Amino acid sequence: MAPITRRTSFPSVIIDKDTESEPSSSEEEEEEEEEEEEVQDEVEEEEVSEINNEKEAEESLDPKRKGKAPICISLKKVCKVCKKAGHEAGFKGATYIDCPMKPCFLCKMPGHTTMTCPHRVATEYGVIPAPHKSSRNPLAYVFECQLGRRRTRFKPAHVIPDQVSCAVIRYHSRRVTSLEFHPTNDNILLSGDKKGQVGVWDFDKVYEKIVYGNIHSCIVNNMRFSPANDGTVYAASSDGTISCTDLETGMSLSLMNLNPNGWQGPSSWRMLYGMDLNKEKGVVLVADNFGYLHSMDIRSNNKTGEAILIHKRGSKVVGLHCNPLQPDLLLSCGNDHYARIWDMRQIEARSSLYELAHRRVVNSAYFSPISGSKIVTTSQDNRLRVWDSIFGNLDSPSREIVHSHDFNRHLTPFRAEWDPKDLSESLVVIGRYISENFNGAALHPIDFIDTSTGQLVAEVMDPNITTISPVNKLHPREDVLASGSSRSLFIWRPKEKSELVEQKNEGKIIVCGRAEKKHKRGYESDDSDDDTFSSKGKNSKSKRSKLKSHVSTHKTKR
DNA sequence: ACGACATGAAGCC
DNA sequence: TGGCTTCCCTGTCG
């Protein structure tokens, strides 16, 4: 498949006169600004009362400036980022204009803004392959050896689920923090939120909503199904507990509680972040916000051994992942800017096999799903890094990809995750922070990136989804993508399959990918207080009201 | 159509 | 080390 850059797949947007970012209006604004700059000079506060012009008065009444001493008030428009006059940062229509005084918001380098950042124009620009290393994956290498030059295309084109197939709006009451597909039941998705609630959603039955509210009291950071029993799920939470829940009954056991004495202040409150299950060893591994790794025996629910310091003392360990092929290998990452590889047989403080250095906090680190020979990390320096243990070495990343996934305290941290179905172990999915103007709407796409080339394979978006989607999970068997936005869940399928699903579910509420009618403010802020709705067809409203009664199985136990 | 606010990490002293 | 301040493309509620 020929690599597709953003340029070719999304030709430059022609601004429609009907859209918000009408060129004529922005011209007017600019003219207005110029006028203001000419007319308005700095004035003393005393003069403020004499100002009759409403507009001028409004602008001069800055509450922060209220004081007794005579102070100067600038009526010039001021950049909200650097507080200097002469330019303004912010949205002009659906396009965000960066402050030129700050380093690029995307690549963090000074000298240019996001608008002119080379990484924005073509994502593969500046993608750094390490010298003298092959970035090809091991399977590709084997194929190449076997087939030589006679080979045609062994790597199938990636199938991208890019159409919203169904959605539940406001499934959660707080932002979604984790998603997990059921290991055997194809239509079951688990979602955890900031409040500690765990949702079980069958996206074949979009009106049925089950939310367990009694399992955790705050952020559900990670969920994993039991390898022995697929009706049981483990979850790690910032309330300092690991829960083990039976999905049928909703009955939950607390396996570990790091805060047995309750809240004693923020300096002692322990939170659990990274979690993974080690099937071979029969343990639940979990890491806390003080740098320690804990393990529990799955069968006896007993703690095994003492907690081990695996990251800088006092720093958060946000991710843990067991190698899919080598059960002795464990990968951790955290706020001390490192991802580390450990040998489970001889794990103790400072005994890591490798330290993968990053410039900022590492949000996530995952072994590749099949061979486990590659690692993808997501760091808050806006870069994805691929580390290849076979064709590279672990001293430096074999590739760095600039990608917008900035940290924001109000967003769940972005995590790049491998496509578990991709045999070439190259495709990852990650939400994008920075918005882009798509036909007049500022949208935050979900990106599919081929880590073997650094290229953006697809950017998935829907005009109705105006929120950022930091949590994304690819289905382990089907061409399905689940996205968690601020409070809503979305299921994406490839276009042709979406149509099939729509036919199959005739009469059910399905949110179609290409809404005919443009929702100005998107799904999330629709007036409707329904939990699900369709943007399709003229009779969707009547369908909605008919089906409203179905949305009633909200099981909240407390 | 606003303002308040939730609340994590970096950077400075 | 710790106690501030600042922050940039949020999103919701009142």
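The figures that follow rest on heavy atoms only: side chains count, while hydrogens, waters and symmetry mates do not. So you know, we letter chains A, B, ... as the sequences are listed, proteins then strands, and number each from 1. Keep in mind the model is a prediction, meaning the values are calculated, not measured.
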On a whole-Å scale, what distance lies between the [atom1] atoms belonging to [N] and [M]?
N	M	atom1	answer
dA9(B)	dT12(C)	C1'	23 Å
dA10(B)	dG11(C)	C1'	23 Å
dC9(C)	dG11(B)	C1'	22 Å

Could you go over nucleotides 2-4 of chain C and give all protein N or O partners under 3.5 Å, atom names and distances?
none

Q. Near Phe290(A) CZ, under 6.0 Å, is it more than 12 heavy atoms from other residues, nucleotides or ligands?
A. yes
When we call it a touch if two heavy atoms are under 4.0 Å apart, what does [X] touch: a base, just sugar-phosphate, or nothing?
X	value
Ile468(A)	sugar-phosphate
Thr114(A)	base
Tyr433(A)	sugar-phosphate

Rounded to whole Å, how long is the line connecting atom [atom1] of [X] with atom [atom2] of [N]?
X	N	atom1	atom2	result
His405(A)	dC9(C)	NE2	C1'	15 Å
Phe414(A)	dT10(C)	CZ	P	11 Å
His87(A)	dC8(C)	NE2	P	11 Å
Asn289(A)	dG8(B)	CG	P	11 Å
Arg432(A)	dT10(C)	CZ	C1'	17 Å
Arg359(A)	dA9(B)	CZ	P	19 Å
Lys108(A)	dC9(C)	NZ	P	10 Å
Lys194(A)	dT10(C)	NZ	P	17 Å

Q) Would you say the side chain of His403(A) lies within less than 4.5 Å of the side chain of Ile449(A), judging by non-hydrogen atoms? A)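 Counting from C-beta outward, Ile449(A) and His403(A) do come under 4.5 Å.
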By side chain to side chain contact (heavy atoms under 4.5 Å, CB included) - contacts of [X] (at least two apart):
X	value
Asn363(A)	Val361(A), Thr378(A), Gln380(A), Pro413(A)
Glu348(A)	Ser351(A)
Tyr96(A)	Lys80(A), Val81(A), Ala89(A), Phe91(A), Asp98(A)

Q) Quick one: on DNA chain B, does Lys316(A) or His410(A) contact a more 5' nucleotide (nearest heavy atom)? A) His410(A)
Listed by chain and number, what are the side chain to side chain donor-acceptor pair (under 3.5 Å) partners of [X], not counting sequence neighbours?
X	value
Arg340(A)	His311(A), Asp336(A), Glu355(A)
Trp269(A)	none
Arg313(A)	Tyr292(A)

Q) Which residue lies toward the 5' end of DNA chain C, Ser469(A) or Lys83(A), if each is placed at its nearest nucleotide? A) Lys83(A)
(Q) Walk me through whether His405(A) and Tyr433(A) qualify under ring-ring contact (aromatic ring centres under 6.0 Å, His included). (A) CA-CA 5 Å; His405(A) 49 256; Tyr433(A) 189 167; 9.6 Å; no
Q) What nucleotide among dT12(C), dG8(B), dC9(C) has an atom nearest to a side-chain atom of Phe91(A)? A)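 Closest of the options to the side chain of Phe91(A): dC9(C).
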Could I get a table of every N or O pair under 3.5 Å where one atom is in the protein and the other is in nucleotides 10-13 of chain B?
residue	atom	partner	partner atom	Å
dG11(B)	OP1	Arg360(A)	NH2	3.0

Q: Look at Arg409(A) and dG11(C) and indicate whether a side-chain polar atom (N or O) is within less than 4.0 Å of OP1 or OP2.
A: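 Checking Arg409(A) against dG11(C): no side-chain N or O falls below 4.0 Å of OP1 or OP2.
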Q | Pairs touching residues 101-116 of chain A that satisfy salt bridge (charged side-chain N to carboxylate O under 4.0 Å, His left out), sequence neighbours left out | A | Lys108(A)-Asp406(A)
